[in-house]
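See structure below.
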There are 2 protein chains.
Amino acid sequence: MTGQRSLTSRGRARQQALVAAAADLFLAKGFAAVTVDEIVAAAGGSKTNVYRQFGGKEGLFIEVVEVLSAEFLSPLVQLDLGRTGRAAGLEILGRTLLRQLLEPRHIAFQRMILASSDLFPGLMARWLETGPRQSQAIISRFLGPGAESGRLALFFHDMIVTDPVLRAMMGETPPWDEIEAQIDAAAAMVARLLPQD
Amino acid sequence: MTGQRSLTSRGRARQQALVAAAADLFLAKGFAAVTVDEIVAAAGGSKTNVYRQFGGKEGLFIEVVEVLSAEFLSPLVQLDLGRTGRAAGLEILGRTLLRQLLEPRHIAFQRMILASSDLFPGLMARWLETGPRQSQAIISRFLGPGAESGRLALFFHDMIVTDPVLRAMMGETPPWDEIEAQIDAAAAMVARLLPQD
DNA sequence: CCACTTTGATACTATCTAGTATCAAAACGG
DNA sequence: CCGTTTTGATACTAGATAGTATCAAAGTGG
């Protein structure tokens with residue numbers, strides 16, 4: 001028994017404030033470097049909330065990751081590429097994906113996930129599923145059916161994503177021009193191998 | 001003054017034992033989860049050594065990273081691909097690289113680096129330089145001069161490395177067959193775009 | 001308006017662990 | 001060998017912080 005039945009409106013507000021404050025702090029400094037007192041100071045209320053509503057610091061962190069994962073869920077899902085050519089479609093997919101991935105908040109999220117994977121086994125696997133795998137699946141679907149599409153989608157994804165994201169995680173986000181050039185080059189490369197337009 | 005002039009043979013032995021023990025522990029559990037007492041218990045001697053010879057836990061960690069970085073320095077450097085064809089050469093490069101990268105000890109190393117990057121800014125940048133950048137440069141050199149070689153080398157590298165390494169970090173190392181198939185597909189793809197054999 | 005439940009503030013406990021101080025034992029060198 | 005330096009064992013200090021206990025205040029609902 002957590003000793004709790006229902007939340008008052010004030011309670012719900014505090015809950016959201018806690019998640020929001022915790023998200024900002026965890027993103028900025030990582031799980032270990034943030035103290036519960038600090039979160040409470042930022043959100044208002046008191047430690048009691050954290051322990052009554054989330055069970056503790058780790059519970060709150062898990063909740064934060066859930067919320068952020070939803071926030072970052074591939075923006076590719078709502079993309080309609082009806083009758084675009086192969087190369088042009090890939091270029092759009094690539095730009096849309098990278099614009100999102102390189103958002104400072106997302107870069108911080110990815111850093112946080114990687115840095116916390118020691119303490120939270122399974123976190124990385126979960127992120128891989130809801131993030132990269134999702135994007136790859138959408139690219140693959142655009143390229144059409146067949147195993148070859150899957151492989152090419154994975155290649156395309158890793159070609160355009162890996163390097164810019166790594167550099168951004170180190171604080172050296174590449175200029176957007178350069179990124180577009182990479183995307184276009186990769187798109188042309190892949191399109192040339194699937195010329196069934 | 002560290003209050004220390006020279007090391008006796010016993011001292012040197014302890015120093016190495018400390019680095020070795022610390023490396024194993026840090027690789028297994030990450031920086032934060034390892035205590036100095038634990039390292040000392042594994043290496044013999046006493047805490048005094050850690051503080052006199054390395055200045056503290058962080059100093060010892062830095063030393064461990066140095067040693068491990070050297071241990072993992074791209075094995076591609078000593079590879080002679082004199083008169084191999086483009087595709088064949090890329091296949092060899094790819095296999096050599098991945099064989100090394102997927103070693104459990106290296107996967108643990110990469111996890112450790114990523115997980116420690118919050119506490120040790122610059123660590124990731126350093127790793128990127130001595131690891132991936134090095135490999136990419138070697139691939140690029142094999143492909144010949146020109147900016148296009150650089151881009152293709154980066155593409156090839158990220159196509160074959162990103163996914164297997166990520167999966168390995170999550171404990172799901174892909175079967176070697178599959179990896180070879182990916183390498184060969186990527187090599188064929190790249191070779192087709194640079195057909196100046 | 002009045003029981004009853006949820007929320008808040010605060011002080012406290014318990015634990016963990018990096019780093020230090022101290023003195024004893026071993027190694028070294030002339 | 002004997003004085004000096006290096007190494008070792010151990011106990012201790014200091015600081016940080018997750019989690020709890022307690023009671024006061026605010027909401028809530030009949």
**A:N49 CG - D:dA18 C1' separation (whole Å)** = 16 Å
**Fill in**
Taken to the nearest whole Å, CD1/B:I39 to P/C:dG19 is 11 Å
**Asked** How would you label the contact of B:V34 with the nucleic acid (heavy atoms, under 4.0 Å): base, sugar-phosphate, or nothing?
**Response** sugar-phosphate
**Request:** Establish, for the pair B:K57 and B:F31, whether the NZ or CZ atom is under 6.0 angstrom from the six-membered ring centre and no further than 45 degrees off its axis.
**Result:** yes
**Request:** Would you mind checking if B:R151 and A:D163 are paired as a salt bridge, meaning a charged N to carboxylate O distance below 4.0 Å?
**Result:** no
**Asked** What is the ring orientation for B:H106 with B:F72, classed by angle as parallel under 30°, tilted 30 to 60°, or perpendicular over 60°?
**Response** perpendicular
**Asked** Is the closest side-chain donor-acceptor distance between B:Q15 and B:R12 under 3.5 Å?
**Response** no
**Complete:** A:R14 atom CZ is separated from C:dA9 atom C1', nearest whole Å, by 12 Å
**Request:** Record whether the side chain of A:K57 comes under 3.5 Å of the base of D:dG19 through a donor-acceptor pair of N or O atoms.
**Result:** no
**Complete:** Rounded to whole Å, the CG-P distance (A:D37 to C:dT13) equals 16 Å
**Item:** Nucleotide of D:dA18, C:dG8, D:dT10 approaching A:K47 most closely (side-chain heavy atoms)
**Value:** D:dA18
**Message:** Using whole Å, what does the distance between atom P of nucleotide C:dG8 and atom CZ of A:R12 come to?
**Reply:** 13 Å
**Prompt:** Among C:dG8, D:dG8, C:dT20, which nucleotide sits nearest the side chain of B:Y51?
**Reply:** C:dT20
**Nearest-Å distance for atom pair CD/P, residues B:E58 and C:dA18** = 11 Å
**Complete:** Winner on side-chain proximity to A:T48, out of C:dT10, C:dA18, D:dG8, is C:dT10
**Fill in**
Separation of D:dT17 atom P from A:E38 atom CD, nearest Å, is 8 Å
**Side-chain-base donor-acceptor pair under 3.5 Å for A:T35 and D:dA16** = no
**Item:** N-O pairing of B:D24 and B:K29 below 4.0 Å
**Value:** no
**Asked** Rounding to a whole Å, what distance do you find between B:R52:CZ and C:dA18:P?
**Response** 18 Å
